[in-house]
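In what follows, a single structure is set out as structure tokens and then discussed.
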Number of protein chains: 2
Amino acid sequence: MSAQGETRRAPLDRARVLAAAVAAADRSGLDALSMRSLAAELGVVPMALYKHVADKDDLVGGMVDTVIAGYDPADAVGGPAEVRARIRSARAGLLAHPWLRTAIESRTRRTPAVLAHMDAVAGAFLRGGYSADLTHHAMHALGHRIWGFSPEAFEEPPAEPPSPAEREAMLRTMAERFPHITAIAMDTAARTPSGTCEPEGEFDFTLDLLLDAFERLHAAGWTSSA
Amino acid sequence: MSAQGETRRAPLDRARVLAAAVAAADRSGLDALSMRSLAAELGVVPMALYKHVADKDDLVGGMVDTVIAGYDPADAVGGPAEVRARIRSARAGLLAHPWLRTAIESRTRRTPAVLAHMDAVAGAFLRGGYSADLTHHAMHALGHRIWGFSPEAFEEPPAEPPSPAEREAMLRTMAERFPHITAIAMDTAARTPSGTCEPEGEFDFTLDLLLDAFERLHAAGWTSSA
DNA sequence: ACCTGAACACCGTTCAAGT
DNA sequence: ACCTGAACACCGTTCAAGT
């Protein structure tokens, strides 16, 4: 019997598993996606998935990376125009995949694709002549709702480094692959003794910025007809 | 044996169930909170909870309401000062209950406590002399990250009204209990034919507002020393 | 190397019954 | 009115085994 009546199924690999998961979530939402249902869809026993995915968290993380990796590469002109283009890409991803927002919010680990997108947006500001300091604030202010993923990723401790040597190596690869966010992190570290930025300060900064902007519009007699 | 060796447990009620759930989530997170574990903590069989809570969704909704209902009542001075005070309350709630953000984001129904908080913030803008239109934009721009709950609640269809008469009654109670958000909704409905606001328009409005604000800071040579 | 089978320790929720 | 017991239809994940 075995592999004859049916044409033999191509062997699974990570990309195929992730693509099927993305398609399934697009169709019926993230809640309906289980290891078991995904396996059934791939014509495989649930445990077969664990050869290509560490666990469910890794599956969801991979789905997020798959979508982010497909964002349009914007022209690297720098400044607000490039920022706008990159944010539009993220926005399009959120609209095309309704589960994406929840998936991103449920994750805490910063994957390479997430870091790359952050780095690209930070780079757009820096190339536009913004200081590392102002860029840092802008990244926070643009925030979760506009980004599609949490700027708090900036703040979280980067998963305790096993040894000083490994820490050194990690820093070097960070600086190579994600030069812009590394530069911003180092700028922040140089200015604040603890090396982490103050969440409450950031919160106040953005809140004041927005309230001031609306005060200005109000004072100018703004109406939607404009 | 029965109720003698132990002093007889006070009978459960919804408030006690919700308080225990909030405490449990504060202690060990939302993921660790199950109907079964909560029941065990209350010294009761899982099914006993279903007398006080419709299902798990209702439990989480009740937890959110419990926290929001405890927000500081701000002075009704109106304008940015009151807005700031109310947003600080929401922020404090998010800091005190790390699970709150996720819990709010997972919910889609607008509960009375959520509506009351929205109404209070909207009222602060309106009392400050802001137009309904500008208030609407400001509410969206302040957004999820600052609010602690989704301004998209504004946009979602309000759970199809069973009959015209009931719809009428619902509108009247809305206008009574939440006058400010009702006024804004009616203003929006009057200006846009469909009655719903354009998500993409809102997105662009906020994005431009933020990018313009940062352009202004950049042009002014802003540094964090200020 | 890749997949399977059976099992473990969980879930939320139902139904009919107890007091 | 409030709570219980037993059951149902699910989960994610383990381990040892198959090919």
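Proteins get letters first, then strands, A, B, ... in listed order; numbering begins at 1 in each.
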Measure [atom1]/[X] against [atom2]/[N] and give the value in whole Å, please.
X        : N       : atom1 : atom2 : value
Arg36(A) : dT4(C)  : CZ    : P     : 14 Å
Met35(B) : dG5(D)  : CE    : P     : 19 Å
Asp13(B) : dC2(D)  : CG    : P     : 9 Å
Arg16(A) : dC2(C)  : CZ    : P     : 13 Å
Leu38(B) : dC11(C) : CG    : P     : 12 Å
Leu33(A) : dC10(D) : CG    : C1'   : 15 Å
Leu49(B) : dG12(C) : CG    : P     : 10 Å

Item to check | Charged tip of Arg91(B) within 45° of Phe203(A) ring normal and under 6.0 Å | outcome: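 Checked: cation-pi criterion met.
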Item to check | Per-nucleotide pairing state of DNA chain D [Watson-Crick or G-U, under 3.5 Å; [ ] pseudoknot-crossing; | other strand] | outcome: ||.|||||...|||||.||
Using the test side-chain hydrogen bond (donor to acceptor under 3.5 Å, both in side chains), find all partners of [X] that sit at least two apart in sequence or belong to another chain.
X         : answer
Asp58(A)  : Arg14(A)
His180(A) : Asp119(A)
Arg177(A) : none

Checklist entry - Do any of residues 25-32 of chain A sit with a heavy atom less than 4.0 Å from DNA chain C, and if so which? => result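 Within residues 25-32 of chain A, no residue comes under 4.0 Å of DNA chain C.
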Item to check | Atom P, compared across dA9(D) and dA9(C): separation rounded to whole Å | outcome: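 22 Å, rounded to whole Å.
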Next on the checklist: Below 4.0 angstrom, which residues in residues 51-67 of chain B have at least one non-hydrogen atom near DNA chain D?
Outcome noted: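 The answer is Lys51(B), His52(B).
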Residues in ring-ring contact (aromatic ring centres under 6.0 Å, His included) with [X], at least two apart?
X         : result
His97(A)  : Trp99(A)
Tyr50(A)  : none
Phe214(A) : none

Checklist entry - Checking all strands, does Met47(A) fall into the base, sugar-phosphate, or nothing category for heavy-atom contacts under 4.0 angstrom? => result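 Base, at least one base atom sits under 4.0 Å.
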Item to check | Residues which pass salt bridge (Lys or Arg N to Asp or Glu O under 4.0 Å) with Asp26(A), listed by chain and number, not counting sequence neighbours | outcome: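 In terms of salt bridge (Lys or Arg N to Asp or Glu O under 4.0 Å), with neighbours along the sequence ignored, Asp26(A) is linked to no residue.
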Item to check | Residues in side-chain contact (heavy atoms from CB on, under 4.5 Å) contact with Ala21(A), at least two apart in sequence or another chain | outcome: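 Ala21(A) satisfies side-chain contact (heavy atoms from CB on, under 4.5 Å) with Leu33(A), Leu38(A), Leu59(A), Met63(A) only.
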Item to check | Partners passing side-chain contact (heavy atoms from CB on, under 4.5 Å) against Ser37(A) (at least two apart in sequence or in another chain) | outcome: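 Per chain and number, Ser37(A) pairs via side-chain contact (heavy atoms from CB on, under 4.5 Å) with Ser34(A).
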Checklist entry - Ignoring hydrogens and geometry, is there a side-chain-to-backbone donor-acceptor pair from Thr173(B) to Met170(B) under 3.5 Å? => result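 Looks like yes, one N/O pair under 3.5 Å.
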Item to check | Given dG12(C), dT4(C), dC3(D), the nucleotide with the shortest approach to the side chain of Ala48(A) | outcome: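 Out of dG12(C), dT4(C), dC3(D), the nucleotide with an atom closest to Ala48(A)'s side chain is dT4(C).
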